[in-house]
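Below you'll find the structure, written out as structure tokens, and then a few comments.
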2 protein chains.
Amino acid sequence: MQDALRRFKADIFQALAHPTRIAILELLRDGDLSAGALIEKLGMEQANVSQHLAVLRAKQLVSNRKAGNQVFYSVRDPILIDVLDLMRTYFHAHLKESLGMLDELDKTPEAVR
Amino acid sequence: MQDALRRFKADIFQALAHPTRIAILELLRDGDLSAGALIEKLGMEQANVSQHLAVLRAKQLVSNRKAGNQVFYSVRDPILIDVLDLMRTYFHAHLKESLGMLDELDKTPEAVR
DNA sequence: TAGGAATATTCGAATGTATTAATATCAATT
DNA sequence: AATTGATATTAATACATTCGAATATTCCTA
């Protein structure tokens with residue numbers, strides 16, 4: 001049982017373990033977006049984004065609703081946003097040591113982080 | 001820059017994306033443990049655990065200190081524990097739907113979750 | 001109902017990750 | 001300095017993930 005739980009947790013983290021999927025969740029932070037809107041904002045291949053969305057769907061991190069021609073995605077549980085926020089705190093505390101990005105970080109507009 | 005940040009975040013999540021590594025962090029929750037103690041508690045191959053520890057070290061999720069013959073590990077930043085706790089809340093909210101574990105879950109002693 | 005727009009799926013090649021077995025390193029002890 | 005105990009590293013194999021290209025599906029509208 002413990003192990004099943006940990007596999008479940010690991011699966012969620014695995015779903016978060018890609019820059020594009022993180023970008024998607026961050027874009028969905030403030031509300032729904034259509035697949036097309038995501039593709040445009042990400043500036044990536046349609047198929048690629050669609051595949052990443054499939055991963056997020058499979059792990060149930062997002063929910064989707066069809067509206068005619070389009071599919072709108074949203075973050076399924078706001079706890080996930082809390083997790084991302086907590087991690088952001090973590091990243092800010094450790095990015096400097098981990099990479100040599102301290103100067104760049106300080107110059108980065110708030111909105112970007 | 002944005003992208004570098006997301007790669008960094010994804011890397012951290014990647015480090016968390018394995019049941020054994022989650023188990024290690026959970027074992028380290030309440031204090032340091034030697035590699036040997038971890039190996040014993042996990043009941044896994046020495047080399048395997050050591051490699052997972054290497055991943056956690058590489059991503060700086062744990063710190064280690066040598067004490068003679070042994071190496072003691074600890075969670076480097078308590079925020080990580082908070083993240084795991086948040087995730088636990090998440091799992092409890094969604095485990096039932098995600099897997100068919102509801103019965104097992106209800107039978108599981110509190111201490112295990 | 002044919003065509004077009006939006007999205008999803010499948011396939012293959014490249015790359016990355018996990019595991020085991022074998023070996024190496026390092027510190028303590030004799 | 002040789003041996004032992006604790007931990008780390010390397011190498012090989014198996015398995016999973018990612019990506020782009022091509023194709024399929026679904027819904028809308030002419």
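In what follows, chains are A, B, ... by sequence order, proteins preceding strands, each numbered from 1. Heavy atoms only: backbone and side chains are in, while hydrogens, waters and symmetry mates are out.
One can place CD of B:Gln51 at 16 Å from P of C:dA24, the figure rounded to the nearest angstrom. A:Leu53 places its CG atom 13 Å from the C1' atom of C:dA6, with the value rounded to the nearest Å. In this entry the distance linking CZ of A:Arg7 with C1' of C:dT17 reads 17 Å, nearest Å.
A:Asn69 comes within 4.0 angstrom of a nucleotide base, judged by non-hydrogen atoms across all strands. At a threshold of 4.0 angstrom between heavy atoms, the contacts of A:Tyr73 are confined to the sugar-phosphate backbone, with no base atom among them.
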Q | Derivation and outcome, side chain to side chain contact (heavy atoms under 4.5 Å, CB included), residues B:Leu61 and B:Val75 | A | CA-CA 6 Å; B:Leu61 301 195; B:Val75 177; over 6 Å; no
Q | Residues B:Asp32, B:Arg65; criterion side chain to side chain contact (heavy atoms under 4.5 Å, CB included); working and verdict | A | CA-CA 10 Å; B:Asp32 302 16; B:Arg65 122 189 98 79; 2.9 Å; yes
Q | Trace of the salt bridge (Lys or Arg N to Asp or Glu O under 4.0 Å) decision for A:Arg7 with A:Asp11 | A | CA-CA 6 Å; A:Arg7 273 198 300 274; A:Asp11 274 357; over 6 Å; no
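In this structure, A:Glu26 pairs ionically with B:Lys9, as a charged nitrogen and a carboxylate oxygen lie closer than 4.0 Å. The existence of a salt bridge linking B:Arg88 and B:Asp82 is excluded, since no basic side-chain nitrogen approaches an acidic carboxylate oxygen closer than 4.0 Å.
The only option from B:Ile22, B:Leu42, B:Ile24, B:Leu38 that meets the side chain to side chain contact (heavy atoms under 4.5 Å, CB included) definition with B:His52 turns out to be B:Ile24.
A side-chain N or O of A:Tyr73 and one of A:Arg57 form a donor-acceptor pair less than 3.5 Å apart. Side chains of A:His18 and B:Arg6: a donor-acceptor N/O pair is absent below 3.5 angstrom, by distance only.
Projected onto DNA chain D by closest heavy-atom contact, A:Ala67 and A:Thr20 fall at different nucleotides, the more 5' of which corresponds to A:Thr20. Two residues, A:Ala47 and A:Gly68, neighbour DNA chain D, and the one matched to the more 5' nucleotide by heavy-atom proximity is A:Ala47.
In this model, the phosphate group of C:dT19 is approached by a side-chain N or O of B:His18 to a distance below 4.0 Å at OP1 or OP2.
For residues 29-40 of chain B, proximity to DNA chain D is found at B:Ser34, B:Ala35, B:Gly36, defined as any non-hydrogen atom under 4.0 angstrom from a strand atom.
A 4.0 Å heavy-atom criterion places the boundary nucleotides of DNA chain D facing chain B at D:dG5 to D:dA11, written 5' to 3'.
Residue B:Leu33 holds its CG atom at 6.5 Å from CG of B:Leu27, rounded to the nearest 0.5 Å.
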